[in-house]
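Within every chain, numbering begins at 1; the chains are lettered A, B, ... in the order of the sequence lines, protein sequences first and strands thereafter.
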Amino acid sequence: MLVRDLIAARLRDAVDEAQRTGSLPPFDLPQSGLVERPQRADHGDFASGLPLRVARTAKRPPLEIAQLLADALARGTDDGPIGEVSAAPPGFVNFRLSDDWLRSQVEAIRTAGEAFGDVDVGAGRRVQIEFVSVNPTGPVHVGHARGAVLGSGLARALSAAGFDVTREYYVNDAGNQMELFYRSVFARYAEALGRTDVPLPEDGYQGAYLVELGEELAGRHGPRYLEMDEAEAIAELGEEALNRMLDVIRVDLDRIGVEFDVWFRERDLYAHGQYEDTMALLRERGYTAVRDGAEWFTSSALGDEKDNVIVRSTGAPTYFASDIAYHRDKFGRRGFDRVIDIWGADHQGHVPRMKAVMQALDLDPDRLTILIGQLVTLKSGGDIVRASKRTGQIVTLGDLVDEVGADACRYFFLARAAESQMEFDLELAKRESSENPVYYVQYAHARIAGILRQAAERGVTWEDGDTTLLTDPAELALVRRMLQLPEVVDSIAVTLAPHSLPHYAVDLATAFHWFYDHCRVLSSDPADAPLMKARLKLTEASHVALARTLALMGMSAPETM
RNA sequence: GCCCCAGUAGCUCAGUAGGAUAGAGCGGCUGCCUUCUAAGCAGCGGGUCACGGGUUCGAAUCCUGUCUGGGGCGCCA
């Protein structure tokens, strides 16, 4: 249980008790926001503005209520986390953590190890996060990097929060765009074999990577596919090309720590009946209408601005049609409690229709969350960098990772709130200096590792260290900061906004750097041994906390720098 | 025209289930390395939270109007 929630529970108890004994009149407690982190450290570790909120209904001055509650809470705090409780104008109850308890947590953090920071708000509920899902017609573009890092970071945080998380990539291997891709591949293949009578389709894929792929396929198979039925050849070569593209995509994403549990094929929805079943269900429930020779999903009746075509007048289903079947499959056959889709800003217009789909399928719309990542502007110094092949600039995700490295990519994309447009400064991200927060955080980890390494080299052991010797303000400040990690994880589970993690990482690094400057750990003087051992335990706990924080961000934790 | 997102320090951004004196990093200026990594630490300066109304004991945070920037309004995905 989070300390914050424990304090909230104590506060509720104190109110109940006061109301029972008649020292406070009856009033309803707010459901949330009972206990918060005050901005100023001298207000304590936690605070509650409850008296201010209930003063009117209680018909008592807020400060009086605060004092009454503070007095009640101060009794029986003994050896728990709560140290001092005080009332402060205009009507706050402030809580300060007990120093003894803080010191005891050093041991708890060391022991928790890689599980430090875990909370259990998820209670094993199944969450699917679907992200990236770029059409496999080429390498992942730099524009998709943000969504990739956001989804992957969210997945890590939700796992730590106790959810059973499935990371999924929806492979659009059916439909118009893929047909175009398959025919483009075939044209490049023929071209590589010297044939000039198989032109690239109009609006076909122009990328140089397909020329290479065509040559590769020609080298491997020779003219075999030119000698067979063209439709069959396109289908077979296309499948092979698709798999090659998925490999390329997988490798690029893997380089920035983005991995998937499931690569779901759109085609399977057609092959295994989900598409037909879903269409039948929509028709049965009266959510479709035939107009102008096409079949429409009548989402305007469910709050959308307009209806959307699901089956074209040509008889071919739209992307939206399979997407409906896909989402029904997520909740129905696969039984996810909750689904999170991460889309780019260019798709935000589709949110209302997906919400309409949920209603049509008789599913609670709140079980589907669509996160929209706003656009990213690449900059170098003060200049905007356009993703352009012609100018030799960064185009693919792979280019970006080559340029600035995986850790900087993760950090900067993760550090910005999804709904804000962001600038990605390539120069800053590349800089290996104090100006770069990536190094600031990793440097703290390297310093910690250095101390532990040298202690081991000197043959020092610290298992018997006595953490009650930790009394320096810098030591206690470091423990306080470490203990915030579970709160950060908990809040991400609620807000689905993992950008608090990089900010926390910087704060944690700051706390360690401060400790490092104020408190010398290693000493060869025997008189210093007890304090050294205690500080080694604290250093080890810091190692645990910082390594976990970096792991949650998908960043490396260097032992030396 | 309609819909979505944003506007906070010179720059990049946090802070928004309403709370106490609005924060960080960078850039600028000052100090600190014979001792565990100075990729560090300490300090100084820097704000009409785009603007106007409203709700509230209390608003950067909620409501509303305006302005500015980005995105979207296809039988494309």
If we ignore hydrogens and angles and just use 3.5 Å, is the side chain of A/His141 paired with the main-chain N or O of A/Thr396 as donor and acceptor?
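Checked: no pair found.
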For [N] versus [M], give the span between their [atom1] atoms, rounded off to a whole number of Å.
| N | M | atom1 | value |
| --- | --- | --- | --- |
| B/U48 | B/C11 | P | 12 Å |
| B/A59 | B/U8 | C1' | 14 Å |
| B/G28 | B/U68 | C1' | 29 Å |

Would you please name every residue forming a side chain to side chain contact (heavy atoms under 4.5 Å, CB included) with [X], sequence neighbours left out?
| X | value |
| --- | --- |
| A/Pro486 | A/Leu2, A/Phe116, A/Val119 |
| A/Ala493 | A/Val121, A/Leu158, A/Ala161, A/Phe163 |
| A/Arg53 | A/Pro30 |
| A/Ala408 | A/Val404, A/Phe412, A/Ala429, A/Val438 |

Stretch residues 406-416 of chain A: residues that reach within less than 4.0 Å of RNA chain B through a heavy atom:
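Residues of residues 406-416 of chain A under 4.0 Å from RNA chain B: A/Arg416.
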What contact category does A/Asn94 fall into here, base, sugar-phosphate, or nothing, at under 4.0 angstrom with non-hydrogen atoms?
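Base, at least one base atom sits under 4.0 Å.
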If you look at every strand shown and take non-hydrogen atoms under 4.0 Å, does A/Glu419 touch a base, only sugar-phosphate, or nothing?
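Here A/Glu419 touches the backbone only, sparing every base.
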For A/His43 and B/A20, do the ring centres fall under 5.5 Å apart while the planes stay under 30° apart?
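A/His43 ring centre within cut-off of B/A20 base, planes near parallel; stacks.
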If you write RNA chain B from 5' to 3' in dot-bracket form, with Watson-Crick or G-U pairs under 3.5 Å, [ ] for crossing pairs and | for pairs with another strand, what do you get?
(((((((..((((.....[...)))).(((((.......))))).....(((((..]....))))))))))))....
Side-chain-base donor-acceptor pair under 3.5 Å for A/Gln421 and B/G69:
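Such a pair exists between side chain and base.
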Ignoring hydrogens, what is the shortest heavy-atom contact between A/Leu282 and A/Ala360? Give both atom names and the distance.
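For A/Leu282 versus A/Ala360, the nearest heavy atoms are CD2-CB, 4.0 Å.
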Any side-chain N or O of A/Tyr504 under 4.0 Å from OP1/OP2 of B/A14?
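A/Tyr504 to B/A14 OP1/OP2: no side-chain N or O under 4.0 Å.
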Taking only side-chain nitrogens and oxygens of A/Gln454, does any of them come within less than 4.0 Å of OP1 or OP2 of B/U37?
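For A/Gln454, the contact criterion (side-chain N or O under 4.0 Å from OP1 or OP2 of B/U37) is met.
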Regarding A/Arg353 and the six-membered ring of A/Phe320, is the cationic atom NZ or CZ under 6.0 Å from the ring centre and inside 45° of its axis?
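Geometry flag: set, cation within 6.0 Å and 45°.
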